[in-house]
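Worksheet: one structure, shown below.
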Amino acid sequence: MSDRRDDVMRVLSAYQLKDYGIKGPSLAESFARRQASCLVVGLRNSDKSGVLLQLLDTQEGVNQLITGMESAALLLGAGKKIFYIPEYAIHVKERIETFVSAAGIEVRIGLIDVREHEDSVICHLVTMLEIADCLEGTYEESIYVSVNGGSLKRVSPDTSVGDLTGTKKGKGVLIGNRIYDNHALEMNLDESELDNGMVQILGENDCMIRLVEKDLLENRERSCGKCVFCREGLLQLHAMYKDTAEGKGKNDYPELIREIGLAMKHGCLCSLGQNGAQPALGVLEHFSNEYMAHNKRKKCPAGVCFLKSVIYIDPVLCTGCMECLDRCRAGCIEGKSGYIHMIDSTECTGCRACMEICKADAIVETEGKLPKLPERLVKCGKFKKR
């Protein structure tokens, strides 16, 4: 056992591998200084995209996870191994649990509870796969990245964001949990803080205020609420961005946002809180003109906020084809196949993507009075207007 541990330590020392997204000492240095009874592995708690879980889509990926966790546990002297899967990806548990459980790895659903695991060593999923690559002699320094929610690519760290995405245009870029203006297209990936593998190009029709308001709401819903700075910070940040999107922003909001964001970064125990304010701070840094347009002039440069018109689905014309539901980026359309779809006007951003995709011309924009609409899902052809 000692010889095996020495062999693994020697390999990791040679590659100088670090935990995913961490700019600090190598794993070999960290593991040499610390022993732990438990190894905990998963995504960052702040990762809402889950695109890196695609690495477990193959049996090879699952086997690499097992190899990596067994090797890391050996170095740490950890008798217990736990792999966390986010609630939104419970299907991954159903697919891999038989294999990892056979290797003595416990699978849990939810956020990683850092309080429970304060005496454990917590590592990222990608790190475990890279440990396996090192042991197999196939490791190459690279970054796993998904562009606009597509399949993962493995690219060189010195790849520019523009070359990766194939565009030199766009209003901005969302890299991990951080929002940048279009100058980030010239940035290399190793210069960015890509903490979830996700790169998204933001266009002229993307309202930065609405994007952040939605992101903050999602973080509020996912937060465990045990950290005061996370619980209260997300609540206040979301309220301020919601006010701004609705033309009710106040002059002192920017300074309060910066103050709360800094407090969350240093006062929260996990990445959900530590990174939760990053998009809000990014807008103030890179899109201050767009923020001030909302706050001062009550104008949305993207044409999303302050809409006077309302978009609805004509219950007579709707065929229940599901295409508008799939296209809606705001997730504000409810429906299922063969049933009249409904738009939640309070969540609708007015992007009109649903209108473009509807072959039945059933989606209507009006500034007048709305007709009678279904209040629940009704089969197509069964709705009576009167």
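Numbering of residues begins at 1 and proceeds along the displayed sequence. These figures come from a predicted structure and were not determined experimentally.
Listed for the E191 side chain is a donor-acceptor partner under 3.5 Å among the backbone atoms of N188. Here the side chain of Y241 pairs a donor or acceptor atom with the backbone of A280 at under 3.5 angstrom. In terms of modelled atom types and a separation under 3.5 Å, the side chain of R220 and the main chain of D215 share no donor-acceptor contact. Remark: the backbone N or O of Q278 is not paired with any side-chain donor or acceptor of N275 at under 3.5 angstrom. In terms of modelled atom types and a separation under 3.5 Å, the side chain of S223 and the main chain of N219 share no donor-acceptor contact. Side-chain atoms of D206 come within 3.5 Å of backbone N or O of G203 as a donor-acceptor pair.
Side chains of D190 and S192: a donor-acceptor N/O pair is absent below 3.5 angstrom, by distance only. A donor-acceptor contact closer than 3.5 angstrom links the side chains of N177 and D195. Checking T349 against R210 by side-chain atom types alone, no donor-acceptor pair falls below 3.5 Å. With hydrogens and angles left out, the side-chain atoms of N45 and S271 include no donor and acceptor closer than 3.5 Å. The closest side-chain donor-acceptor pair between H341 and E334, if any, does not fall under 3.5 angstrom.
How far OG of S13 is from CG of L27: 10.0 Å, rounded to the nearest 0.5 Å. K214 contributes atom NZ, which lies 15.5 Å from atom CD1 of I209 (distance to the nearest 0.5 angstrom). Taking CG from L217 and CG from L235, the interatomic distance works out to 10.5 Å, rounded to the nearest 0.5 Å. Between the CZ atom in F383 and the CG atom in L377 there is a gap of 12.5 Å [rounded to 0.5 Å]. Within the model, atoms NZ of K48 and CD of E221 stand 11.0 Å from one another, a figure rounded to the nearest 0.5 Å. Taking CD from Q64 and OG from S71, the interatomic distance works out to 11.5 Å, rounded to the nearest 0.5 Å.
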Run the side chain to side chain donor-acceptor pair (under 3.5 Å) check on N251 and K296 step by step: do they pass? CA-CA 8 Å; N251 293 335; K296 295 287 189 182; 3.0 Å; yes
Worked verdict on H294 versus F306 for ring-ring contact (aromatic ring centres under 6.0 Å, His included): CA-CA 9 Å; H294 284 75; F306 318 122; 5.7 Å; yes
Check against salt bridge (Lys or Arg N to Asp or Glu O under 4.0 Å), K168 and D163: CA-CA 8 Å; K168 299 296 183 182; D163 289 340; 3.7 Å; yes
Using the salt bridge (Lys or Arg N to Asp or Glu O under 4.0 Å) rule, take E356 and R352 through it: C-alpha gap first, then chi angles, then the decisive distance, then the call. CA-CA 7 Å; E356 296 171 4; R352 301 173 182 81; over 6 Å; no
Does the pair D7 and R10 meet the rule for a salt bridge (Lys or Arg N to Asp or Glu O under 4.0 Å), with working shown? CA-CA 5 Å; D7 289 342; R10 192 177 303 112; 2.8 Å; yes
Stepwise salt bridge (Lys or Arg N to Asp or Glu O under 4.0 Å) check, D113 with R108: CA-CA 11 Å; D113 188 335; R108 294 187 185 178; over 6 Å; no
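Considering all non-hydrogen atoms of both residues, P315 and L373 come closest at CD-CD2, 3.8 Å. Of all heavy-atom pairs between C318 and A362, the closest is N-CB, 3.6 Å. For F31 against A72, the heavy-atom pair with the smallest separation is CE1-CB, 4.0 Å. Taking each heavy atom of I363 and I313 in turn, the nearest pair found is CG1-CG1, 4.0 Å. Minimum heavy-atom separation, L284 to P254: CD1-O, 3.6 Å. Of all heavy-atom pairs spanning G172 and F287, the tightest one is CA-CZ, 3.9 Å.
For the pair E141/Y15, no side-chain contact is recorded, criterion being any heavy-atom separation below 4.5 Å from C-beta on. Counting heavy atoms from C-beta outward, D326 and E323 have side chains that stay 4.5 Å or more apart. Looking only at side-chain heavy atoms (C-beta outward), M355 and I311 come within less than 4.5 Å of each other. A heavy-atom distance below 4.5 Å is found between the side chains of C354 and I333. Contact of the H286 side chain with the M208 side chain is not registered, since no non-hydrogen atoms from C-beta on lie closer than 4.5 Å. At a threshold of 4.5 Å between non-hydrogen side-chain atoms, the residues C38 and K81 do not count as touching. Contact check for T127 versus H124: side-chain heavy atoms found under the 4.5 Å cut-off. V283 has its side chain out of reach of E290: every pair of non-hydrogen atoms, C-beta onward, lies at least 4.5 Å apart.
Remark: K250 is not positioned above the aromatic ring of Y253, lacking an NZ or CZ atom under 6.0 angstrom from the ring centre and at most 45 degrees off the axis.
Taking a 6.0 Å sphere around NZ of K171, one finds it holds more than 12 heavy atoms contributed by other residues, nucleotides or ligands.
A salt bridge between D252 and R258 is absent, with no side-chain N of the basic residue lying under 4.0 Å from a carboxylate O of the acidic one.
Placement of L125 and I122 in two distinct hydrophobic clusters is found when ILVMFWY residues are connected by side-chain heavy-atom separations under 4.5 Å, directly or transitively. Taken together through direct or relayed side-chain contacts under 4.5 Å among Ile, Leu, Val, Met, Phe, Trp and Tyr, L43 and L152 form part of one hydrophobic cluster. Clustering ILVMFWY residues whenever any of their side-chain heavy atoms sit less than 4.5 angstrom apart, transitively, puts Y139 in the very cluster that holds L65.
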